[in-house]
2 protein chains.
Amino acid sequence: MPAKPYHHGNLRRALIQAALDIARDQGADRVSLRRVARQAGVSHAAPYHHFPDRSALIAAVAEEGFRSLSDAVQAVERSVAPPLERLHAAGVAYVVFAVTNPEQFRLMFSREIADTSPFPELNAAALAARGVLERAVAESRATRAVTTSEAVELAAAWALVHGLATLIIDGQLGAEAMSPDGAASLSRSAINSFWSQAAQ
Amino acid sequence: MPAKPYHHGNLRRALIQAALDIARDQGADRVSLRRVARQAGVSHAAPYHHFPDRSALIAAVAEEGFRSLSDAVQAVERSVAPPLERLHAAGVAYVVFAVTNPEQFRLMFSREIADTSPFPELNAAALAARGVLERAVAESRATRAVTTSEAVELAAAWALVHGLATLIIDGQLGAEAMSPDGAASLSRSAINSFWSQAAQ
DNA sequence: GCCTAATCTTTCCGCTGTCAACATCATGGA
DNA sequence: TCCATGATGTTGACAGCGGAAAGATTAGGC
């Protein structure tokens with residue numbers, strides 16, 4: 001049994017996991033290449049054989065995040081049939097995902113991977129996640145009196161849940177909202193509030 | 001005429017301005033203490049006589065940002081009378097401010113000043129800005145059939161405009177939305193879309 | 001079984017935030 | 001008026017960071 005083999009075996013995977021652990025435990029801003037390498041028990045330059053630079057590591061972590069987000073939203077969608085309620089449930093799931101994985105969520109929307117062109121797989125995962133929300137919006141349109149374009153409705157829906165997510169995990173909507181249950185409850189209310197005020 | 005006086009005169013002010021310039025020109029993530037000091041024509045340790053650490057500089061820049069935001073929203077509010085339209089206009093102004101000053105907006109919500117307890121003046125400015133939106137929400141409630149709590153309505157309204165702001169400046173809602181006019185138009189549509197879908 | 005390429009380490013660079021020690025100067029009390 | 005003190009600025013140091021270069025080690029195909 002080799003105590004410390006020269007080659008790691010699956011360092012790429014281990015680095016992504018280490019980044020996730022550090023983000024979860026110490027915050028997304030503390031995810032440095034050197035710290036990640038240290039946590040993975042490897043020299044600080046080893047990551048460069050698996051990622052061209054720091055942003056590529058973040059992109060890999062974010063890519064997994066978008067896949068998890070897609071999965072989480074789709075799982076909730078499967079349990080709700082009526083299209084409008086489905087859309088609402090998808091929105092709540094988006095917020096709950098962010099509150100459950102706040103640091104990974106921050107990495108997913110961090111500035112250094114804003115330009116996804118160097119990371120086609122991240123781009124695909126992000127587009128897929130956006131597609132899930134897009135489909136929920138589109139399918140709900142058949143059941144409503146629609147006066148706005150689909151693009152605007154998608155933007156509005158996404159903005160609402162994304163705004164809730166970021167404000168909540170930044171602590172700006174109160175401490176109660178930072179628990180999954182609190183976040184779910186607040187999102188549900190917030191989403192409903194926009195439709196319950198028809199009388200102007 | 002002293003070419004370079006040993007004492008700057010108003011270095012604190014100059015450092016804040018330099019940080020703003022660097023953020024605007026090169027991005028919020030490139031605002032480093034040393035770069036700011038360099039831009040202000042001063043040694044790299046000089047800022048420490050005016051700010052205890054880097055986050056305090058950011059806090060000062062953010063503080064000014066929140067004041068500008070309050071001013072911008074209030075200026076628009078003054079030109080609109082009906083409470084609901086006023087609320088909508090305030091929301092559009094919030095988004096337009098973010099799109100007009102994207103890097104400063106990012107600094108205002110950057111992670112390192114998320115805990116405002118060390119910066120009471122930043123906290124006050126942020127609370128004041130939130131108060132402007134809060135008042136617009138509260139005053140509009142009298143003109144509507146209200147079924148949700150004020151707290152939830154505030155959260156929903158804030159989340160919608162904050163989500164629009166962050167998504168737009170991150171380029172996730174398309175390039176057209178990144179101009180002030182495009183942002184205003186999209187925000188108006190998005191805000192209206194939530195009220196025009198009463199028929200479920 | 002060996003050669004090549006992949007993987008990992010060591011060493012180096014410039015940049016960053018922060019601190020300590022020192023230099024300069026503005027200002028108010030004797 | 002002068003000078004001492006505190007405010008403001010500089011220099012130099014340190015550790016941690018992202019990244020490049022060069023050498024060590026090993027896995028895997030021929």
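The chains referred to below are lettered A, B, ... by the order of the sequence lines, with proteins before strands, and numbering in each begins at 1.
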(message) Does a side-chain N or O of A:Arg38 approach OP1 or OP2 of D:dC17 to a distance below 4.0 Å, or not?
(response) yes
(request) Please tell me which of the listed nucleotides, C:dT16, C:dC8, D:dA21, lies nearest to the side chain of A:Ala45? (result) D:dA21
(message) I want to verify a distance call: between D:dT11, D:dC17, D:dT8, whose nearest atom is closest to the B:Ser43 side chain?
(response) D:dT11
(request) To the nearest Å, give me how far apart OH (B:Tyr48) and P (C:dA20) are. (result) 12 Å
(request) Output yes when a side-chain donor or acceptor of A:Asp170 lies under 3.5 Å from a complementary backbone atom of A:Gln172, and no otherwise. (result) no
(request) Specify the separation, in whole Å, of atom CD of B:Gln26 and atom P of C:dC15. (result) 14 Å
(request) Calculate the interatomic distance between A:Arg34 atom CZ and C:dT10 atom P; express it in whole Å. (result) 12 Å
(message) Does a side-chain N or O of A:His44 approach OP1 or OP2 of C:dC8 to a distance below 4.0 Å, or not?
(response) no
(request) Using a cut-off of strictly less than 4.0 Å, decide whether B:Arg35 has a side-chain nitrogen or oxygen near OP1 or OP2 of C:dG14. (result) no
(message) Does B:Arg111, at its CZ atom, have more than 12 non-hydrogen atoms belonging to other residues, nucleotides or ligands within less than 6.0 Å?
(response) yes
(request) Starting at atom CZ of A:Phe51, determine the distance to atom C1' of D:dA20, rounded to an integer number of angstrom. (result) 19 Å
(message) In this structure, how many angstroms lie between the P atom of C:dG17 and the CG atom of B:Asp53, rounded?
(response) 11 Å
